[in-house]
Amino acid sequence: MNGYPAIADHGIVGDLQTAALIAADSTVDWWCTPRFDSPSLFASLLDSDRGGYCRLRADVGDEATVRQLYLPDTAVLITRFMAPGGVGEVLDFMPPDTSPTPSARHRLVRAARVVRGSLPFELMCRPRFDYGRAAHELRRLDDGSVLFRGPGTDLHVQATAPVTLHEEGTDVSARFTLNAGERAAIVLTSESGGPAGLSGRPGGPPPTADAVLADFEACSAFWRNWLRSSRYRGRWHEMVARSAITLKLLTYAPTGAPVAAATMGLPEQVGGERNWDYRYTWVRDGSLSVRALIDLGFTAEADAFRRWLRARLDAGATESGEPLQIMYRVDGEPHLTEEVLAHLEGYRRSAPVRAGNAAADQIQLDIYGEAAYALAQAEDIGGVRGWQVFARVVDWLTDHWDRPDEGIWETRGGRQNFTYSRLMTWVAFDRAVRLATAHSRPGDIARWQEARDAVFTQIIDSGWSAERRAFVQHYDTDVLDASLLLMPKVGFLTPNDPAWLSTLDAMDTELVSDSLVYRYDPAASPDGLRGSEGTFNLCTFLYVEALARAGRLEQARYAFDKMLTYANHVGLFAEEIGPSGEQLGNFPQAFTHLSLIDAALALDEELDRAERRSP
């Protein structure tokens, strides 16, 4: 496999514990197992030579036109090959695993079929264990299947007729031809657990065509039944449904914790150093997803995350002494030691490739507001014990809110008094007062109110620039920051407050480029890193929502529809949009799809309200 596909030239499949990326040419070039944050089996997306991949495609050279789509309302990905000799398809899916306990086995099913004419296919399977750092053994089993044995993980490759697997050194290949109506499947089964826990035959008995078809139908039915719970009946059904499925795919079923993205190390600027590991659960991202999940009707998912969040609060102080840290592994483990994988060249030579995330040790005070925002969405935040834990955290925050921190964007240029961080501490106090009052719960309400009002006054006095007529990034700058687009959403100001409309106008002038929104200007506010970045998709959708709530509906709808044109061929978004319209950063990004849903809900609501007012 030579070269790199564009970051966004992929679909994603998953089983709710792990996920794989399938390139538009039907190559699996990213898969970590048994969890999202485990070492990779396939990582050619980060190094085309050393990373490993599994390619299954029509063997017709450049003669085929290739198209990719999802089976509607499912996470089954279909890659179609249209060639002079016929039309064929590869269907990729992972049978969902909703077990409340982590699973050691995970299956990726790759089913080929021809619908017209006749087509030859080729398979090349080249796993590279532990991010390509570990060697493996290759064993042929009596039934013709092949077992790759790596350190602590096996990969079992099985195939149905007429596929015959051939060993090529430490890799496996196959070539076969299918006629119209014929099918074949390759099943990749990983099993982890160390040598004592490996069965030597993780895939079970050889698959049959009927068994693969049954798995396909069960997988399709699972996703359609799940999506049926959605209450969304708005104008952008297809994009909202795809975003909801993507958020579900990025959620670890045993704990209910969503990861920020399926990947690590994909650059925010090709050739740059902003290459982070996003396969973890951010308190901020997960907390802000709760309202959207509830509004869509996915209350079970919202409740699962709240339980995960309460467990983090209940665990007590972190090593830094803070009640929460900004991110965790999907099982709640707080240690995310960052390392550089120097043997990987990085996506299009964008080194360094980082695994782990040192930002976990940063102080970002906004997470307490987002946690309170999530917990306040429920009638019961966890019974008596849950309230006691929450109240203790709020008590702690009354003594610790007035501090500089690294801020929402995890800058590495030193701590500041970030306005957004103060805004969200205001949210924490405000929601604590509301909950205690509404549910007659004990708490030092007078002290919480005093802290809430002190934060409000400080933001108005120090976070507002009279010269810019706008709220600014931190107290010692006039730089604007798109995170403050959340100000009206959390209730700090009304959407039509003159101070907010003035801030929105300033952002429109400085941060908005053809409806796309930058987080901030790193040249004006150095963040400790070299290079630049693209516009931030989350911020663009926040901008749409803010416009809609401010009554600027024509501008909001135009910006939203334009933004949707940047989605990839199957409706997915990465983190950023580059100067040529390319998607950049880790992929697909949960926060982007969350904010898309929020923007669609807000825009639908405001458009409906406007239509009701029309004569």
Side-chain angles (χ1 to χ4, degrees), residues 1-13 19-31 41-49 51-71 75-94 107-128 146 148 155 157-169 171-188 207 209 212 216 568-570 572:
M1 179 179 179
N2 297 313
Y4 296 88
I7 287 173
D9 281 353
H10 293 84
I12 183 174
V13 298
L21 294 189
I22 318 294
D25 69 351
S26 194
T27 298
V28 182
D29 58 14
W30 182 257
W31 186 21
L41 283 177
F42 302 126
S44 59
L45 188 58
L46 294 177
D47 193 308
S48 60
D49 292 326
Y53 63 86
C54 178
R55 181 176 61 223
L56 175 61
R57 66 185 182 188
D59 189 13
V60 291
D62 296 329
E63 293 184 339
T65 298
V66 185
R67 296 286 185 269
Q68 201 170 55
L69 71 157
Y70 278 107
L71 190 68
V76 176
L77 189 66
I78 304 172
T79 309
R80 309 194 76 220
F81 299 89
M82 292 164 277
V87 177
E89 299 175 339
V90 173
L91 283 69
D92 284 293
F93 64 93
M94 297 181 71
R107 286 192 300 146
L108 172 57
V109 181
R110 317 207 69 196
R113 66 185 182 188
V114 169
V115 296
R116 298 179 64 183
S118 177
L119 280 182
F121 287 83
E122 65 168 347
L123 167 73
M124 174 57 73
C125 186
R126 301 180 68 241
R128 296 295 182 263
V146 171
F148 293 92
L155 179 66
V157 182
Q158 300 167 290
T160 64
V163 181
T164 300
L165 300 175
H166 300 282
E167 301 170 43
E168 291 194 12
D171 305 322
V172 166
S173 67
R175 285 175 173 77
F176 57 96
T177 297
L178 299 176
N179 299 314
E182 293 181 337
R183 304 167 182 262
I186 290 88
V187 179
L188 310 178
V212 170
F216 162 75
N568 80 347
H569 58 291
V570 289
L572 302 180

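Taking NE2 of His166 as the reference point, atom CZ of Arg175 lies at 9.0 Å (rounded to 0.5 Å). Separation of atoms CZ (Arg57) and CZ (Arg110) is listed at 11.0 Å; rounding is to 0.5 Å. In this structure, CG in Leu41 is found 10.5 Å from CH2 in Trp30, a value given to the nearest 0.5 Å. The distance from atom CG of Leu56 to atom CG of Leu91, rounded to the nearest 0.5 Å, is 10.5 Å. A distance of 10.5 Å separates OG in Ser44 from CZ in Arg128, rounded to the nearest 0.5 Å. Here the straight-line distance linking atom CG of Asp92 with atom CD1 of Ile22 works out to 4.0 Å at 0.5 Å rounding.
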Worked verdict on Leu572 versus Tyr70 for side chain to side chain contact (heavy atoms under 4.5 Å, CB included): CA-CA 11 Å; Leu572 302 180; Tyr70 278 107; 4.0 Å; yes
Salt bridge (Lys or Arg N to Asp or Glu O under 4.0 Å) evaluation trace for Asp49 with Arg126: CA-CA 10 Å; Asp49 292 326; Arg126 301 180 68 241; over 6 Å; no
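Nearest heavy-atom pair across Ala24 and Val66 is O-CG1, 3.2 Å. Here the shortest heavy-atom pairing between Pro162 and Phe176 reads O-CB, 4.2 Å. Summarising the geometry of Leu119 relative to Gly85, their closest heavy-atom pair is CD2-C, 4.4 Å, with the distance given to 0.1 Å. For the pair Cys125 and Val157, the tightest heavy-atom approach, listed with the atom from each and the gap, is SG-CG2, 4.1 Å. Summarising the geometry of Trp31 relative to Leu188, their closest heavy-atom pair is CH2-O, 4.0 Å, with the distance given to 0.1 Å. Contact detail for Leu178 and Ala112: the closest heavy-atom pair is CD1-O, 3.7 Å.
Here the side chains of Val114 and Glu182 are not in contact, with every heavy-atom distance at 4.5 Å or above. Within the 4.5 Å cutoff, no side-chain heavy atoms of Phe42 are placed close to those of Leu21. Using a 4.5 Å cut-off on side-chain heavy atoms (C-beta onward), Asp59 and Phe121 make no contact. You'll find the side chain of Val109 stays beyond 4.5 Å of the side chain of Phe216, heavy atoms only.
A donor-acceptor pair is defined here as one N or O able to donate and one able to accept, closer than 3.5 Å; such a pair exists between the side chain of Asn568 and the backbone of His10. Gln68 contributes a side-chain N or O that, together with a main-chain N or O of Ala23, makes up a donor-acceptor pair within less than 3.5 Å. Looking at Tyr4, its side chain does come within 3.5 Å of a backbone N or O of Ser48 through a donor-acceptor pair.
When the salt bridge (Lys or Arg N to Asp or Glu O under 4.0 Å) test is applied to Arg67, no partner is found at least two apart in sequence or on another chain. The side-chain contact (heavy atoms from CB on, under 4.5 Å) search around Leu69 returns Ile78, Arg80, not counting sequence neighbours. A search for side-chain contact (heavy atoms from CB on, under 4.5 Å) contacts involving Ala19 returns Ile12, Phe36, not counting sequence neighbours.
Judged purely by distance below 3.5 Å, without hydrogens or angles, the side chains of Thr27 and Asp25 pair a donor atom with an acceptor atom. Thr160 and Arg183 are not linked by any side-chain donor-acceptor pair at a separation below 3.5 angstrom, with hydrogens and angles left out of the test.
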